[in-house]
Structures are given as C-alpha cells and as structure tokens.
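A quick write-up on the structure given underneath.
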Amino acid sequence: MEESLEQILELSLTLLMLGGAVCACVFKDLLNAVIAAAFVSLMAAILFYFLQAPDVAMAEASIGAALTTAIFVIAIKKTKRVEEE
Amino acid sequence: MRILISCVLLVILSLGLVFALEQAPFGSNQIDNADKPGRFYLNQGMEKTGAANVVTSVVVTYRGFDTLGEVTILFIAAIGLGAVFHSRKKVKRYEKEKQSASLILQTGCRFLFPLIVLFGTYVFIHGHLSPGGGFQGGVIIASAFLLLFLGCEEKKIPMKSMNTVESLAGIIFVGIGLAGLYWGESFLENFLPRGMDYMLLSGGVIPIIYIAIGFKVGAELAGIVAGLIERNP
Amino acid sequence: MIVSIFLLVIGAAIVLCLIRLIKGPTATDRAVALDTVTTVTTALLVILALVFKRYIYLDVALVYAVLMFIGSVAIARFLEKGI
Amino acid sequence: MHIAGMIAIGIGVLFLFLGSFGIVRLPDVYNRLQAGTKCTTFGCLFAVLGVGIVEPAWFWKALLVSLFVLLTNPISNHALGRAAKKSGVPLWDGSVVDKSRDFPSYANTEKL
C-alpha cells in the first residue's frame, strides 16, 4: 500500500476517534454517551489493527465494545439515566 | 464560532497524534540498534520458547511473573466488588415491570452460547500460534455468560462452582511456576518437552498456563457481571 | 490499487454512520448507527487482512463477528426495560 | 479467480456504502433499520466471501466469519426494532401501515 494512503487512513481514524470522544463528553443523556464510547473503542481497535498489533486489537474489541458497554448499561439501569447540571 | 474553533483544535490535535505515531517503526522488522532487547525477542523468542506469536513468548515466559501480578490485580478487583455488592438482607427480586425477552432472542442466545464458549476455548488454547491469549479468551467466555443473563433469565448460573473453578485455576498457575522452579532453574520455566514448531503442542507449558488464565479471567468477570445484575438498587 | 478505493469507500461509510450517531434524535437511532458501524468494521478488517497478507489476522475479524452483537442486545434490553 | 474475487468485494463494499447512506437519509428508526440490517448484512457477506475467493486457502475461515455474521446480525437488529417499538418511538408521518397493532404484546405501548 502506498505511503500517502496509509497516512490518510490513519489521520481519518484518529479524527473519527476524536469526534466520538467529544460526543461522549458532550451528550447529556448517559445512554448516548455510552454508545459514543463504544464507537471510540471500535475505532481504537481498528487503529491497533492497522498498526499491526492484533493481540491488542482483539483485547480492545472484546473488552471495550462488548463487556464494558453492557456493564455501563447495567450501571445506568441501577442509577439515573439523565445527567443534571 | 465556538464550533469552528473546536474543529480547528481537533484537526491540530489529530495531526500531532499522527506525526507522533509516524516516528515509531510499528510493525516493521527493522529495529536499528542490534543490542536492544527487542531484537533479542524477535530473533530468538521462537527457538527458546517455541511460541510462534512473539507477544505470547514475552507475556508468558519472559515476563511471566508480571502476568501473575496482573491476574492478582483482577482477583483483588473482583473481591472488592463482591464486598461492595454483598448485602445481609434476604434478596427479594423486584420484577414488577420487567419485560421478558422475545422468543427470537431467547432461541438465539440458547443456540449461540455453546458456540461462543467453544470459540473462547479456541482463542486461549491457540494463544501461542495465533493472536489472542488467556485474557482475550477469558473475556469471550465471560461475554457468553453475559449473553445468557441478557437473553434467557430462567437459566441459573452456579456461582459456587464458578468460584471453585477460579480458585483451582489460580492454584494451577502458581503450581506450574513452582514446578518450573523445582525441575528447572527459574520460576515458570518450561520443563515439558516440546514438539514440532508451529504445531499445537510446541509450546510446552504455555497452553497449560493459558488455560488456567482463561478459566480464571472468565470466572472472575462472569462473577462481576452476575453480582452487578442481581444487586437491588 | 483497486483495494485502496475499497478502503476509502468504507471509510466514507463510517463517516456517514458517525453523522447519524451525532444527529440522531432518539437513542435508538444512535444504537442502529453503532450496529451498522460494527458490521462495516468486520468487512474492513477482513479486507485489511487481505492487504497485509496475513492469514492469522482473520481471527480478529472472527471476534468482531461473534461478539459485537452483545453490546447492541444490552442496549436494546435496556430500552425495552428488560434487565 | 482474482478478478472474480475483486468483483465480489466490490459488490459488497458498494452495498455497505449504500446501507450507510440509507442510515443518514431515511426518515425514521424503522426505515433506518431496513437499511442497516439487510443492506449491510448482504454487503458484509459478499466482501468476506470475496476475500475467501481471492485467497483460496482462506476460504473456510472466511466462510466461518460470514456464517457468524449471518447468525448474529439479525438477532441484534430484531432486538433493536422491538426495543424501539416498546419504548414508544413514533412512526414517520408518511408511513401508511402499522401491523403491530394486531398483536397483543405491542397493543398498549404508546403511553410508555
């Protein structure tokens, strides 16, 4: 693969990660914040895969996107859903 | 205006991240200084340990004591969560407005549960040949139990036997380390004979250690999820 | 050469899903966008394994295909007041 | 063989892009579920099997990946659609038919 295309893909992946992270900070409804955090962890897993670290990508995929999302959702269920000012 | 400024800041930050990551030689084989330990691991890890995956040879053999510490950290976290969730009162379930899962979801969960457990077992047994290992396989097995909690509630998970499995796995891990100290020269040394390279039995003690770690991590995470779900608010 | 066009098109698809994840009026819209992103990502990982020419990288895509629906199921069960 | 596999990957990527485009353009949740379910499952199947055709030694593992996608993706999308109906997301104004009123479990979900 060419050098320029590789740089373009890395730049776009980091931009997508930053966009998702900003969304996770801004949203007031905590369920939406959890969904945005899951998106960030997906993009992080692709970035690890792209930098040729498949072990870390597998750990990030399994922990970050499946288990952490479910644990956050259960925690929201036990407490409150909407964050107050 | 605020949105514009934040967008410009985002672009600057991501450019900085990309150019910082560009400096490191990720995924390439050309590490310049020949006397660095990375060169040693890349060149001789395969012959010394028999693991085709370099990450596994570092994690389990060269840095095995550190892995024991990581497993202990997870164990302490599970104990802390259990202490927080423990309640002396009799647990009465509050299932007034609880919807049950639909038929498709129940059937799918019941069908997919053994397949996911099988896949997790594949991941941690083949940890020295393919990407993955004990932690990843354990998390996959814990996800299977989480799916069982989400999909069909009528299946109960025996938590007593799960605690037994967790303790046995920890004892096996420490016991293999001490056996390496007895028959070999150091803690967690490979004392079993090794077969051909790139085959399943080429790792010596590495698959046994990974089986222990996988069962331990899976049982601990499943216990954490079960404690979270069954706790009254 | 043609594989790079595929990668760019898949990147554009992920950007479109991020737009829906930002805009979506209800939480269910965002969950649908996340689910679509996971499916697109599985295909992207398989194509990247073709680019790098490594057979063992397919295991990561297999993890995605197996595990990614658990997050969506958790969000859905929360929305229908299940768990 | 190589060209046939590349054509299959191209079809899959095109469908993935169209599904994501539908996610942005369609008016409400239920229509977006149509785009996000059928289109992307089909596209993912074609892309993965195309990779299996390009490298014939990889075919069985690619078939396994596509089989798992085919099993898990409809379950999660069914759960999301049911959750949208149960949590009271309204239909689009231009929609003409609502069959869910015929079923007793969905009958009184409007006031939730």
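In what follows, chains are A, B, ... by sequence order, proteins preceding strands, each numbered from 1.
Within residues 14-22 of chain A, the residues having any heavy atom closer than 4.5 Å to a heavy atom of chain B are Thr14(A), Leu15(A), Leu18(A), Val22(A), listed by residue number.
Both the backbone and the side chain of Ile63(A) come within contact range of chain B, judged by heavy atoms closer than 4.5 Å. Heavy-atom distances place the side chain of Leu221(B), and not its backbone, under 4.5 Å from chain A. Residue Leu228(B) touches chain A through both its backbone and its side chain, counting heavy-atom pairs closer than 4.5 Å.
Note that CE of Met58(A) is 6.5 Å distant from OG of Ser130(B), once rounded to the nearest 0.5 Å.
Gly132(B) approaches Asp55(A) most closely through the heavy-atom pair N-OD2, 3.1 Å. Smallest separation of non-hydrogen atoms from Leu146(B) and Ala66(A): CD2-O, 4.5 Å.
A donor-acceptor contact shorter than 3.5 Å links the side chain of Lys78(A) to the backbone of Ile229(B).
Other residues, nucleotides and ligands contribute over 12 non-hydrogen atoms within 6.0 Å of the CZ atom of Phe149(B). Within 6.0 Å of CZ in Phe124(B) there are more than 12 heavy atoms belonging to other residues, nucleotides or ligands. Within a 6.0 Å radius of CZ in Phe75(B), other residues, nucleotides and ligands contribute 12 heavy atoms or fewer.
Here Ala59(A) is the residue among Ala59(A), Ala70(A), Ala61(A) with the most heavy-atom pairs under 4.5 Å with chain B. For the set Val56(A), Leu11(A), Leu13(A), Ile71(A), the count of heavy-atom pairs under 4.5 angstrom toward chain B peaks at Leu11(A).
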